[in-house]
Amino acid sequence: MEKFLMDTYDVIVVGAGHAGCEAGLASARMGKKTLMLSINLEAVAMMACNPSIGGTGKGHLVREIDALGGEMGLNIDRTFIQSRMLNTAKGPAVHSLRAQADKTMYHMEMKRTLEREENLHLKQGEVVDIIVEDGKARGVILKTGACYRSRAVILATGTFLAGRIFIGDSVYDSGPNGMAPSVELAEKLRGYGLPMRRFKTGTPARALGKSLNFDSMIPQEGDEKVVPFSFMNDDIDREQVKCWLTYTNEDTHEVIRENFHRSALFGGHIEGVGPRYCPSIEDKINRFPDRQRHQLFIEPEGLYTDEMYIQGMSSSLPEDVQRAFYKTIPGLEELEIARPAYAIEYDCIDPLDLKLSLENRHVEDLFCAGQFNGSSGYEEAAAQGLMAGINAVMKIDGRDAFVLDRSEAYIGVLIDDLVTKGTNEPYRIMTSRAEYRLVLRQDNADIRLTEKGHEVGLVKEDRYERYLEKKEIVKRETERLRNTFLKPEEINGFLDEKGTSPVKSAVSLYDILRRPEVTYEDTEFLDTDRPQLSQHQKTLMEVQIKYEGYIEKQRQRIEKFKKLENKKLPQDMDYNAIEGLRIEARQKLTEIKPLSIGQASRISGVSPADINVLLIYMEKNGRKNR
């Protein structure tokens with residue numbers, strides 16, 4: 001095939017899913033001429049699985065993406081059809097926003113954003129090879145023979161890379177949602193020595209709403225007061241759709257048990273490793289045989305379609321079995337399947353082959369993001385895409401890599417887990433993975449990260465000014481509450497109504513707000529000088545006041561963590577020359593090349609004793625140099 005040069009760019013992004021969109025926008029918004037290539041332009045920001053954004057842990061990522069100047073939060077605010085805050089019965093560290101999207105509108109709005117972005121060229125084309133010169137990524141080659149050269153390449157291939165679909169005994173090459181897979185590129189990447197592996201994920205069937213009996217299900221309403229994802233939005237008033245809850249039963253389980261042998265998962269067809277935290281329905285019933293029922297949610301896929309997503313029921317069983325077990329569920333007795341459930345297997349890279357900047361260790365200027373890095377989920381992908389886009393630009397400009405550590409962001413936890421610990425299954429973010437989650441709340445993501453986004457050049461002046469204003473308003477109002485005192489006769493009646501103990505002397509509104517029974521809005525009638533605050537401002541201030549003591553304790557722990565993170569390790573250190581290190585530790589440290597003692601301590605196979613050896617070695621070297 002004859003090859004011909006078409007154009008030259010600063011950055012080329014391969015893939016236009018959730019990772020690719022954030023990577024391309026970040027690069028273009030930071031001033032670089034950027035090309036985004038998608039195997040099909042209908043795949044731009046495609047919601048091939050669940051038509052929702054956010055959820056436990058994931059909502060934190062979306063807020064952080066937004067705080068850094070990314071697009072996902074803004075796009076879901078434009079296109080959601082139901083919004084709910086999860087885990088509100090628990091503390092604010094685990095409150096997580098989740099929104100049901102109109103999947104077609106989400107795709108259209110994101111595509112329009114890409115098309116209108118200055119410096120960004122969106123093009124349909126299948127990449128079949130990466131141009132690598134002197135160990136550096138220098139462009140891509142398309143199936144048509146067209147070549148595009150660049151100074152950096154970002155791989156965000158999602159589940160398209162050597163994608164294969166499984167429905168019972170039916171096995172065929174395909175990308176998600178019936179789109180073409182990327183086969184040639186997968187072979188080429190292995191040829192460049194990249195350590196590839198095989199993962200699997202799946203998606204449930206889509207049913208036609210007209211065939212469902214919603215009277216037999218439990219309605220799930222959206223929140224009366226919508227909390228926006230983006231810090232650029234204060235209030236959103238929109239009519240919301242309902243979702244519904246129903247359950248499997250023993251009849252459902254019996255149909256599935258009788259057909260275990262017909263499942264691609266148990267039939268030996270699937271090689272890839274699936275996500276432990278999102279198993280198929282047959283896997284759930286196999287792993288939890290005593291469980292009497294499993295919940296599933298019926299969620300509309302959009303305002304202009306009758307298709308319903310059956311959340312919690314992914315499967316690789318044949319279509320006839322799918323129809324049989326779905327029809328045993330209350331409300332689904334007359335179900336008509338529009339799209340059957342399927343499992344999909346795909347190629348991805350071992351993330352231990354990446355630096356914390358998401359640059360590949362073997363091929364310079366090749367950055368990797370999203371499910372290609374072994375993660376699962378739209379939000380995890382978008383977070384990595386944003387960071388890969390930023391770091392591609394930083395590398396081109398000769399600036400230090402932009403890295404968030406575990407005490408700064410869930411994005412830092414996500415990337416550190418992947419790059420330092422690796423993963424043997426599709427990785428999913430969870431609040432339990434974050435050691436400092438009381439500090440890494442979703443309500444304060446802009447306070448934590450917008451300054452950093454502005455420093456790298458992604459956060460523009462309108463967002464930055466809005467952030468500074470919010471910060472100042474919250475600071476002023478907090479101080480005003482500290483200095484506003486009420487006498488016992490003014491406050492005790494109210495305290496009695498709220499079920500909390502009375503006071504014997506004058507007390508500040510600040511101290512009253514520290515009580516769990518009292519909210520900021522509760523005290524409005526007691527306070528005539530109160531300014532108008534947005535919902536974002538109220539939430540941030542109230543959480544900071546109520547959890548002040550706990551937050552301070554966590555900040556002290558973070559200071560100790562930072563000391564280890566600040567003990568930098570030379571990237572050319574010869575670990576084989578350090579006496580006392582175990583063989584496994586030498587191998588892992590040489591392979592991963594940690595940036596700091598802190599990162600080294602989190603590597604699987606590096607023990608506390610090995611860390612002590614490293615600290616002693618560095619201290620001796622430091623004394624020699626001094």
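By convention here, the first residue in the shown sequence is residue 1. Every value quoted in this text rests on a predicted model; they were computed, and no experiment measured them. What you see below is based on every heavy atom in this structure, not just the backbone, and it leaves out hydrogens, waters and symmetry mates.
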* To do: Flag the pair Asp234 and Arg466 as a salt bridge only when some basic side-chain nitrogen lies within less than 4.0 angstrom of an acidic carboxylate oxygen.
  => yes
* Residues Asp416 and Thr420: side-chain donor-acceptor under 3.5 angstrom -> yes
* If the plane angle is over 60° it's perpendicular, under 30° parallel, otherwise tilted; pick one for Tyr410 and His60. => tilted
* Asked: Would a 4.5 Å heavy-atom cut-off, applied to side chains only, mark Tyr304 and Thr104 as touching?
  -> no
* With side chains defined as the heavy atoms from C-beta onward, is the minimum distance between Met387 and Phe367 less than 4.5 Å? -> no
* **Heavy-atom side-chain proximity of Thr201 to Pro426 below 4.5 angstrom** => no
* Would you please say whether a donor-acceptor pair under 3.5 Å links the side chains of Ser216 and Asn213? => yes
* Looking only at atom types and distance, does a side-chain atom of Gln554 sit under 3.5 Å from a main-chain N or O of Ile551, one as donor and one as acceptor? -> no
* Decide side-chain contact (heavy atoms from CB on, under 4.5 Å) for Thr450 and Leu68; before the verdict, give the C-alpha distance in whole Å, the side-chain angles of both, and the deciding distance to 0.1 Å. => CA-CA 5 Å; Thr450 297; Leu68 287 166; over 6 Å; no
* Within the distance-only criterion (no hydrogens, no angle test), does the side chain of Arg238 pair as donor or acceptor with the backbone N or O of Asp77 below 3.5 angstrom? -> yes
* So, Thr56 and Asn87: side-chain donor and acceptor under 3.5 Å apart, yes or no? -> yes
* At their closest point, which heavy atom of Cys21 faces which heavy atom of Leu114, and how far apart are they? -> SG-CD1, 3.8 Å
* Do side-chain atoms of Gln322 reach the backbone of Ala341 as a donor and acceptor pair under 3.5 angstrom? -> yes
* To do: Give a yes-or-no answer on whether the side chains of Ser230 and Asp66 include a donor-acceptor pair shorter than 3.5 Å.
  => yes
* To do: Before accepting this row, confirm whether a basic side-chain N of the pair Lys452/Glu455 lies closer than 4.0 Å to the acidic partner's carboxylate O.
  => no
* In plain terms, say whether Glu379 and Lys58 are close enough for a salt bridge, that is, a side-chain N and a carboxylate O under 4.0 Å apart. => yes
* Atom pair NE2/CG of His107 and Asn75 - distance to nearest 0.5 Å -> 11.0 Å
* **Heavy-atom pair of closest approach, residues Ile154 and Ala388** => CD1-O, 3.8 Å
* Asked: Would you say Ser96's side chain and Val94's backbone share a donor-acceptor pair under 3.5 angstrom?
  -> yes
* Could Asp462 and Lys460 be called an ion pair, given the rule that one side-chain N must be under 4.0 Å from one carboxylate O? -> no
* To do: Please check if any side-chain donor atom of Gln384 sits under 3.5 Å from a side-chain acceptor atom of Ser375, or the reverse.
  => yes
* Determine, for Asp347 against Arg197, whether the closest basic-nitrogen to carboxylate-oxygen distance falls under 4.0 angstrom. => no
* Determine, stepwise, if the pair Lys242 / Glu221 fulfils salt bridge (Lys or Arg N to Asp or Glu O under 4.0 Å). => CA-CA 5 Å; Lys242 288 181 184 177; Glu221 305 277 359; 3.8 Å; yes
* Structure fact -> Heavy-atom closest pair (Ala19 atom, Gly370 atom, distance to 0.1 Å) is CB-CA, 3.9 Å
* **Straight-line distance of Ile53 CD1 to His18 NE2, nearest 0.5 Å** => 5.5 Å
* Mark yes or no for whether Glu380, through its side chain, and Ile429, through its backbone, hold a donor-acceptor pair below 3.5 Å. => yes
* Do Arg63 and Phe231 meet the cation-pi criteria used here (NZ or CZ under 6.0 Å from the six-membered ring centre, within 45° of the axis)? -> yes
* Asked: Under the 3.5 angstrom rule, does the side chain of Asn233 hit a backbone N or O of Asp235 as a donor-acceptor pair?
  -> no
* **Atom of Val459, atom of Arg463 and distance for their closest heavy-atom approach** => CG1-CD, 3.8 Å
* Asked: Under 4.0 Å between a Lys/Arg side-chain N and an Asp/Glu carboxylate O for Arg448 and Glu408?
  -> no
* To do: Decide yes or no on side-chain contact (heavy atoms from CB on, under 4.5 Å) for Thr157 and Leu185, but give the supporting numbers first.
  => CA-CA 10 Å; Thr157 52; Leu185 180 59; 4.2 Å; yes
* If we only count heavy atoms from C-beta on, is the Lys32 to Ser27 side-chain gap below 4.5 Å? -> yes
* Any chance the side chains of Glu299 and Gln311 put a donor and an acceptor closer than 3.5 Å? -> yes
* Asked: Got Gln371 and Cys348 here, is their nearest side-chain heavy-atom distance under 4.5 Å?
  -> no
* Asked: Does the distance from a Lys or Arg side-chain N to an Asp or Glu carboxylate O, for Lys471 and Asp446, drop under 4.0 Å?
  -> no
* Note, Met105 side chain near Phe80 side chain (heavy atom, < 4.5 Å) -> no
* To do: Flag this pair as yes if the NZ/CZ of Lys538 is under 6.0 angstrom from the six-membered ring centre of Tyr520 and inside a 45 degree cone about the axis; otherwise no.
  => no
* **Side-chain donor-acceptor contact under 3.5 Å, Tyr9 with His121** => yes
* Ser280 (side chain) donor-acceptor with Asp283 (main chain) under 3.5 angstrom -> yes
* Asked: Under 4.0 Å between a Lys/Arg side-chain N and an Asp/Glu carboxylate O for Glu345 and Lys200?
  -> no
* Between Tyr427 and Arg433, is there a cation-pi geometry (under 6.0 Å to ring centre, at most 45° from the normal)? -> yes
* Side-chain donor-acceptor pair present, Tyr309, Gln100, cut-off under 3.5 Å -> no
* **4.5 Å side-chain heavy-atom contact, Thr203 and Ser314** => no
* Asked: Can any side-chain N or O of Thr539 pair as donor or acceptor with the backbone N or O of His536 at less than 3.5 Å?
  -> no
* **Separation between CZ of Phe160 and CG of Asn40, rounded to the nearest 0.5 Å** => 7.5 Å
* **Closest contact, heavy atoms only, Val227 versus Ser83** => O-OG, 4.2 Å
* Asked: Between Tyr378 and Cys49, is there a donor-acceptor pair closer than 3.5 Å when you use the side chain of the first and the backbone of the second?
  -> yes
* Please name the pair of heavy atoms, one in Ile298 and one in Met308, separated by the smallest distance, quoted to 0.1 Å. => CG2-CB, 3.8 Å
* Using only heavy-atom distances, determine whether the side chains of Arg98 and Ser52 contain a donor-acceptor pair under 3.5 Å. => yes
* **N-O pairing of Glu71 and Arg29 below 4.0 Å** => yes
